[in-house]
Amino acid sequence: MSILNAERIILKTERELEVLEENARLLADILVEVALAAVPGVSTGELDRLAERLIRQAGAEPAFKGFQDELHPRPYPATLCASLNQEVVHGLPGPDRVLREGDLLSLDLGLVRKGYCADAAVTVEVGEVSPEGRRLVEVAWGALQAGVAQARIGQRVSDISHAIGAYVRKRGFFVIRELVGHGIGRKLHEPPQIPNFGPPGRGPRLQEGMVLCLEPMIQTKDGPIRAGGDGWTVVTASGGLAAHCEEMVAITPDGPRVLTGWIQEEIWRRRK
Ligand code: MG
């Protein structure tokens with residue numbers, strides 16, 4: 001989802017962190033279940049309904065449904081963002097969008113519970129995908145891990161950005177430059193914005209109590225993004241494939257704590 005420009009980074013208390021972690025765990029379990037249901041012949045509309053049902057069963061509400069901001073004056077109509085192949089983010093699910101063998105499907109999902117948000121994304125290989133597609137997901141995942149490794153007290157926000165960007169560039173792929181990671185709490189998008197490229201050593205210092213969504217969005221070809229025409233879907237202008245992984249990370253004295261618990265890895269483990 002897009003980002004509002006805002007000011008202050010909101011530090012979370014221990015109690016708030018507990019709720020954020022509960023929510024992150026619930027979201028991770030739901031996202032794994034939705035990802036495992038993404039097989040050839042299933043529509044993204046069906047995945048959307050499954051995601052909404054699981055979120056409500058958990059006593060939570062979808063975070064994206066009805067979302068709007070100055071860039072998106074029309075409320076987001078679904079629970080799930082389901083972006084296929086050259087779609088980067090905010091793919092609108094629908095009954096006519098039926099998954100086919102070889103599709104690369106990124107699933108971005110958010111929920112709200114007890115007044116706090118959770119937000120995460122994975123990219124799912126539908127059946128057997130091309131070697132390039134598989135590698136793209138692995139690099140998005142590796143880039144996320146490289147970013148998390150920088151999520152330590154005393155580092156700066158752009159140390160995360162730099163780690164992600166350098167990891168992707170070294171492996172011959174390209175980050176999406178227009179979209180960023182973000183803080184999260186009572187609001188889905190809080191400061192700081194976290195680009196996926198740039199020089200290290202810039203921006204606010206990371207402090208205990210920050211909770212950040214790190215989310216590399218990467219593509220096989222270099223270039224900008226463009227609007228897909230339905231008011232929400234964002235696609236690569238080059239027509240290259242895109243992948244997206246996102247986890248919630250708390251900055252703690254013991255180092256980065258991945259509140260969502262490495263969802264992409266869990267999906268690979270469960271699919272074997
Ligand atoms: Mg996000």
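Whatever order the structure lists ligands and atoms in, that order sets their numbers, starting from 1. Please read all numbers here as calculations on a predicted model, not as lab measurements.
- Closest N/O/S atom of D119 to the Mg ion (ligand 1): OD2.
- By the 4.0 Å N-to-carboxylate-O rule, E22 lies close enough to K114 to be salt-bridged with it.
- The Mg ion (ligand 1) sits nearest to atom OE2 when only the N, O or S atoms of E246 are considered.
- When you scan the N, O or S atoms of H182 for the one nearest the Mg ion (ligand 1), you land on NE2.
- R169 forms no cation-pi arrangement with F174, by the criterion of a distance under 6.0 Å to the ring centre and an angle within 45° of the ring axis.
- Within the 4.5 Å cutoff, the side chain of R100 has no heavy atoms near those of the V126 side chain.
- Between the Mg ion (ligand 1) and the N, O or S atoms of E215, the shortest distance is to OE2.
- Using a 4.0 Å cut-off between charged side-chain N and carboxylate O, E138 and R171 make no salt bridge.
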